[in-house]
Student: 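One structure follows; several queries about it will come next.
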There are 2 protein chains.
Amino acid sequence: MVSSKDVAKRAGVSQSTVSRVLNASNQVSKTNAEKVTKAMKELNYRPNAIARSLVSKQTKTLALISGPLHNPFFVETTTSIINYANEKGYKTNVFFENAGDNMAVYESVLSMQLDGIILSSIFMEDPIYEELKALNLPFVMFNRKHNKPGHFVEIDNRKAGKLAADHFLELGHKRIGFIGGPLYTSTFHGRCEGFIVKLKEHLSLDDALIHETDTSEKEIREAVLKMMGQKHKPTAIFAATDSIAILAIDVLKELGYDIPDDISICGMDNVRLARHHSFELTTIGQKTEQNLGRLGIEYLIDMLEGNIQEDTPVEVTLEPILYQRKTTCAI
Amino acid sequence: MVSSKDVAKRAGVSQSTVSRVLNASNQVSKTNAEKVTKAMKELNYRPNAIARSLVSKQTKTLALISGPLHNPFFVETTTSIINYANEKGYKTNVFFENAGDNMAVYESVLSMQLDGIILSSIFMEDPIYEELKALNLPFVMFNRKHNKPGHFVEIDNRKAGKLAADHFLELGHKRIGFIGGPLYTSTFHGRCEGFIVKLKEHLSLDDALIHETDTSEKEIREAVLKMMGQKHKPTAIFAATDSIAILAIDVLKELGYDIPDDISICGMDNVRLARHHSFELTTIGQKTEQNLGRLGIEYLIDMLEGNIQEDTPVEVTLEPILYQRKTTCAI
DNA sequence: TCGGGTTTTGAATACGTATTCAAAGTAACG
DNA sequence: CGTTACTTTGAATACGTATTCAAAACCCGA
């Protein structure tokens, strides 16, 4: 490992001088600067980022704690986050939330030296909130949020649920199912609540059609099987994410249903795949092109760079709209 | 920031002793160990990973340089890699290859302090190879590989191309297209070559049906449009990845084609999505359940932990097999 | 109680960089 | 040439931990 000392020796200057040319401080004489640059090249010197961090207290590293990538929503946010962070000179350590036990992940994150955290994996009452606060690092939640105040970027989930309900009601559906969860996350909680509230304004609700699940293929599958196995089947389903909708469609097709002729289905998130001609999934999303991850990372980095005071809360709730495509139709 | 010195002071011992209880060396008296543990808790002490790394020369951090996540193949490998690395106590810094200019990414990677690198983004003649070698870190290539020797995990791409050709030939197809590229990557190079070699054994080849592209939606779209716009259209297409196949299907459906009645299509990688009832994509993959990313990261970590000598080359080439589903049929 | 051996301890140092501070050098000006 | 002001330099130190080494404490048998 070649260090700044080695460079210094070779260039015939002190280590301080080497450090100074590294940091582009223009207080080095031209001749010395050249000598140092030359020596660096000859030795193929690369500054040790670890040592730098130790003194600068900056790691230029962020942690992303994301939902799983088999959900296309997180494919898009992860891509945006990593690429934007990179553009701004930050590295991203990625972690995936772990259905059973997030503590291992959090333990790992908490013990790292980081400049900031962006996460989607928080629950409304998550005790991790306090620990994150205690770290005294900027952190922003995207998609989901915690009940306590903090920086977040979300979509108006309640309103989204209502939109879905409205859509189905307008199409004349009477038996409408819901699949999604867990409900202790702000996303599913809001979507479910808004959906149910709206339905109840016009129909009497059949509890057998409301399926709280997690996001695993297994549970979605089970929910669809149960729902369609009933004597009185639904004619429409609101899947609380596109990921769930796509899994549900897989099962429905396996069972021989035609969509939307036999059953309408509406997702949420407006992921790229929803537009594919093999799906043309009706869904709910925001108007803006930039996804929630991108918005979140922009705010986080703004905070790190001092463009936003950290004590002014970032609380962004986007307006949802319906993207009507071909998986829903009138009854 | 509470340091080991603070803990030492509070516990009434020296910093050395604190360090010793941290590293579970059992050469600390019980009474002192307890005092220190107590002080740590009271102060909510977390060891500074940066400082640790500076002396230990280990960062427990890996870099993953991956293809883009809109390719479902990389969704699966990225998930496997990150999760497995985490299990083994390694953090993963993720980078995505950048169509235009990978140098920014590499520059970032090369300047980090890392324990190892796993990457899919290398070209057969990529000059980055030498720089990676020079870092003197273990690195393994998965999916793609370089022409020069190094650790890699791949599938037999040439054989895969032949399999695809065989499949179409058996089904009686005569005009068979190819979409994929760039051909300076080992994957596309092998697949294309094997495919063409096999075809030529039985047919005269129409160059207008061989489309070298990159992996962008734009180019795939263009290739499909061009191919199907011809006077003599193909009756079958080998898309060199499932990702390309799925994009191609999108365009084909948009153009009104039924699959496989109007045109057969075969992908490669056997990604999860290929099994979806909205695709049921015929494709080529390996037999083993574990994906290439998972295999690669296992080898990498084995090397880091000394379970494999770094100088014994890891060169894994998996056997491809055809997964016949419903996007290909006899003509 | 003493001596030898073993365990436990803390002072000192190293890791590679940034930064402070005082000294040395240089330029400008009268 | 002397003075002042400014630029450039290197020695020393700090960052937070692990580790070495020698000293201290302890244990045990004689």
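Proteins come first, then strands; the chains are lettered A, B, ... in the order of their sequence lines, and each starts at number 1.
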Student: Crowded around A:K9 NZ? As in, over 12 foreign heavy atoms under 6.0 Å?
Tutor: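 Atom NZ in A:K9 is not packed in, count stays at 12 or less.
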Student: What's the CG-P distance between A:N32 and D:dT7, to the nearest Å?
Tutor: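 Distance check: A:N32 CG to D:dT7 P gives 17 Å.
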Student: Could you tell me the separation between the CG atom of A:L54 and the P atom of D:dC15, rounded to a whole number of Å?
Tutor: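 One finds 9 Å between P of D:dC15 and CG of A:L54, rounded.
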Student: Within the supplied structure, the quantity of interest is the number of heavy atoms (other residues, nucleotides, ligands) at a distance under 6.0 Å from A:Y90 OH; does it exceed 12?
Tutor: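 Result for OH/A:Y90: enclosed.
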Student: Give the rounded distance in Å between these two atoms: CG of A:L43 and P of C:dG16.
Tutor: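 Distance, rounded to whole Å: 14 Å.
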Student: Side-chain N or O of B:S4 versus OP1/OP2 of D:dG16: is the shortest distance under 4.0 Å?
Tutor: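 Result: no.
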Student: Rounded to whole Å, please give me the gap between CG in A:D6 and P in C:dG16.
Tutor: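 The distance from CG of A:D6 to P of C:dG16 comes to 8 Å, rounded to the nearest Å.
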Student: Angle between ring planes, B:H146 versus B:Y129, binned at 30° and 60°: parallel, tilted or perpendicular?
Tutor: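 Parallel, since the angle between the ring planes stays under 30°.
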Student: Nearest whole Å is fine: how far is C:dT17 C1' from A:R46 CZ?
Tutor: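 One finds 17 Å between C1' of C:dT17 and CZ of A:R46, rounded.
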Student: Here's a test of your reading of the structure: between A:V13 and B:M1, which maps to the more 5' nucleotide of DNA chain D?
Tutor: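 The residue closer to the strand's 5' end, by nearest nucleotide, is A:V13.
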Student: With respect to the phosphate group of D:dA11, does any side-chain polar atom (N or O) of A:S14 fall under 4.0 Å of OP1 or OP2?
Tutor: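 No, because none of the side-chain N or O atoms of A:S14 sits under 4.0 Å from OP1 or OP2 of D:dA11.
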Student: Is the distance from OP1 or OP2 of C:dC15 to the nearest side-chain N or O of A:K5 less than 4.0 Å?
Tutor: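 Checking C:dC15 against A:K5, no side-chain N or O comes under 4.0 Å of OP1 or OP2.
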Student: Write out all pairs satisfying salt bridge (charged side-chain N to carboxylate O under 4.0 Å, His left out) with one or both partners inside residues 82-91 of chain B, taking only residues at least two apart or from two chains.
Tutor: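 Of all non-adjacent pairs touching residues 82-91 of chain B, none passes salt bridge (charged side-chain N to carboxylate O under 4.0 Å, His left out).
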Student: Does B:Q309, at its CD atom, have more than 12 non-hydrogen atoms belonging to other residues, nucleotides or ligands within less than 6.0 Å?
Tutor: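 For B:Q309, atom CD is not crowded (no more than 12 foreign heavy atoms under 6.0 Å).
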Student: When the nearest nucleotide of DNA chain C is assigned to A:N48 and to B:K30 on a heavy-atom basis, which residue is associated with the more 5' position?
Tutor: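 Closest to the 5' end, via its nearest nucleotide, is B:K30.
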Student: Detail all sub-3.5 Å separations between protein N/O atoms and N/O atoms belonging to nucleotides 18-20 of chain C.
Tutor:
{"from": "C:dA18", "atom 1": "OP1", "to": "A:N23", "atom 2": "OD1", "distance (Å)": "3.2"}
{"from": "C:dA18", "atom 1": "OP1", "to": "A:N23", "atom 2": "ND2", "distance (Å)": "3.2"}
{"from": "C:dA18", "atom 1": "OP1", "to": "A:R52", "atom 2": "NE", "distance (Å)": "2.7"}
{"from": "C:dA18", "atom 1": "OP1", "to": "A:R52", "atom 2": "NH2", "distance (Å)": "3.2"}
{"from": "C:dA18", "atom 1": "OP2", "to": "A:S19", "atom 2": "OG", "distance (Å)": "2.7"}
{"from": "C:dA18", "atom 1": "OP2", "to": "A:N23", "atom 2": "ND2", "distance (Å)": "3.1"}
{"from": "C:dA18", "atom 1": "N7", "to": "A:Q15", "atom 2": "NE2", "distance (Å)": "3.3"}
{"from": "C:dA18", "atom 1": "N6", "to": "A:Q15", "atom 2": "OE1", "distance (Å)": "3.1"}
{"from": "C:dT19", "atom 1": "O4", "to": "A:S16", "atom 2": "OG", "distance (Å)": "3.3"}

Student: Tell me: CD of A:Q27 to C1' of D:dG10, nearest whole Å?
Tutor: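 After rounding, the gap between these two atoms is 13 Å.
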Student: Atom CZ of residue position B:F123 - does it have more than 12 heavy atoms of other residues, nucleotides or ligands inside 6.0 Å?
Tutor: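 Above 12, so yes.
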Student: Could B:E130 and B:K148 be called an ion pair, given the rule that one side-chain N must be under 4.0 Å from one carboxylate O?
Tutor: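 Counted as a salt bridge, because a side-chain N and a carboxylate O are separated by less than 4.0 Å.
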